[in-house]
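Scroll down for the structure; my scribbles are underneath it.
FYI, side chains are in, hydrogens and waters are out, and symmetry mates aren't considered; it's all heavy atoms of this structure.
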Amino acid sequence: MKTFRIPLRVVFYREDGDWVAHCLEFDLCGNGTSKQEALSSLSEAIEVQVKESVRHNNPRNLFSPASSEVQEMFFAGKHSVEGHLELRVEQVDPVIFEAAEYREYSETDRGLLTN
């Protein structure tokens, strides 16, 4: 398998009272009562996805981007510096994760998507 450098983008939003951390590159989510808890859950999901993709030599599993709706939420959202995505798979060849970018989307940003 070739080496892949993957930048990560995460959008936070509220759903049913919890925080959701949604990774655009993998279309994976984590949720929790806080942003950090949601990021921890997301980290676990990404770890499983990457480890299994490498183990089965299936790089296509590494490239399943989120829907255009989630992508729009990211770009309409405001930059967020809360939390840190801690991935234990950072050292797994052939995948190298670059610094993550975080944004927070809220209902007040919804008007940006309808104009």
S43: what forms a side-chain contact (heavy atoms from CB on, under 4.5 Å) with it, not counting sequence neighbours? E47, L85, L87

To the closest 0.5 Å, what do you measure between CE (M73) and OG (S68)? 11.5 Å

So do Y102 and F12 actually touch side chain to side chain, heavy atoms under 4.5 Å? yes

Taking side-chain hydrogen bond (donor to acceptor under 3.5 Å, both in side chains) as the test, write out the residues that go with R5, two or more places apart. E98

Residue pair F26 / I6, side-chain heavy-atom distance below 4.5 Å: yes

Could you pull out all residues at least two apart from T33 that satisfy side-chain hydrogen bond (donor to acceptor under 3.5 Å, both in side chains)? E37

Once you round to the nearest 0.5 Å, how far does CG of L39 lie from CD1 of I46? 9.0 Å

Just how far is it from atom OG of S67 to atom CD of E72, taken to the nearest 0.5 Å? 8.5 Å

Exercise: identify the closest heavy-atom pair between S80 and K35: OG-NZ, 3.8 Å

I want to check something: taking the side chain as every heavy atom from C-beta on, are C23 and R9 in contact at a cut-off of under 4.5 Å? no

Sort and list the pairs that fulfil ring-ring contact (aromatic ring centres under 6.0 Å, His included) and have at least one residue in residues 60-81, not counting sequence neighbours. F4-F63

Does a side-chain heavy-atom distance below 4.5 Å link Q49 with N61? yes

Quick one: does L24's side chain get under 4.5 Å of V10's, heavy atoms only? no

With E101, which residues qualify under salt bridge (Lys or Arg N to Asp or Glu O under 4.0 Å), at least two apart? R103

Can you see which heavy atom on G30 is nearest to which on S41, and at what distance? CA-OG, 3.4 Å

For A66 and Q71, work out which heavy atoms get closest and say how close. O-NE2, 3.4 Å

Using atom types as modelled, flag every donor-acceptor pair under 3.5 Å from a side chain in residues 14-22 to any protein atom, sequence neighbours excluded.
residue, atom, partner, partner atom, Å
R14, NH1, G17, O, 3.1
H22, ND1, Y13, OH, 3.0
H22, NE2, D27, OD1, 2.7

